[in-house]
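What you see is a predicted model; the values in this text were computed from it and never measured.
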Amino acid sequence: PLPGSNSVRSNELASPYFVLLENRFSTASRSKMIEVVCNDRLGKKVRVKCNSEDTIGDLKKLIAAQTGTRWDKIVLKKWYTIFKDHVSLGDYEIHDGMNLELYYQ
């Protein structure tokens, strides 16, 4: 870090999940924050706050940070639609309070 800056980054905070969180909150003023609920129907229900312009891949990384699973092993679905990593939540019309199905591959 630069002298006089108050941002301290240790080795454990340099993981991609924390960089994503840092970038997400720096762009929060430009897009609307929403909360998405992901249920795996095995007893795990995860609530994630994210932006509507985040991609599905970003959402998977936030879920992985909370659950401890690898983000590339997570599959998000709604009915029979499997969400692709590069498409944004807004493009899929995922809104505040929406429930998604969480599967593992």
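The stretch residues 93-105 participates, sequence neighbours left out, in these side chain to side chain donor-acceptor pair (under 3.5 Å) pairs: Asp40-Tyr104, Arg41-Tyr103, Glu101-Tyr103. For residues 71-83, the salt bridge (charged side-chain N to carboxylate O under 4.0 Å, His left out) pairs, not counting sequence neighbours, are Arg70-Asp72.
Leu62 places none of its side-chain heavy atoms less than 4.5 Å from the side chain of Trp71. Looking at heavy atoms from C-beta onward, Leu76 lies in side-chain contact with Cys38 at the 4.5 angstrom threshold. Two residues are said to be in side-chain contact when any heavy atoms from C-beta on lie closer than 4.5 Å; Leu89 and Ile56 meet this criterion. Looking at Ile34 and Asn51, their side chains never come closer than 4.5 Å, going by heavy atoms from C-beta outward. Counting heavy atoms from C-beta outward, Leu59 and Asp54 have side chains that stay 4.5 Å or more apart.
Note: Met33 CE to Lys49 NZ = 6.5 Å, rounded to the nearest 0.5 Å. If you take OG on Ser88 and CD on Glu53, they are separated by 8.0 Å, rounding to the nearest 0.5 Å. Distance check, rounded to the nearest 0.5 Å: CD1 of Ile94 to CZ of Phe83 gives 4.0 Å.
Contacts of Asp85 classified as side-chain hydrogen bond (donor to acceptor under 3.5 Å, both in side chains), with partners at least two apart in sequence or in another chain: Lys60. Judged as a side-chain hydrogen bond (donor to acceptor under 3.5 Å, both in side chains), and not counting sequence neighbours, Gln66 has no contacts. Residues satisfying the side-chain contact (heavy atoms from CB on, under 4.5 Å) criterion with Lys84, sequence neighbours excluded, are His86, Val87, Tyr92. Applying the side-chain hydrogen bond (donor to acceptor under 3.5 Å, both in side chains) rule to Thr67 yields the partners Thr69; only residues at least two apart in sequence or on another chain are considered.
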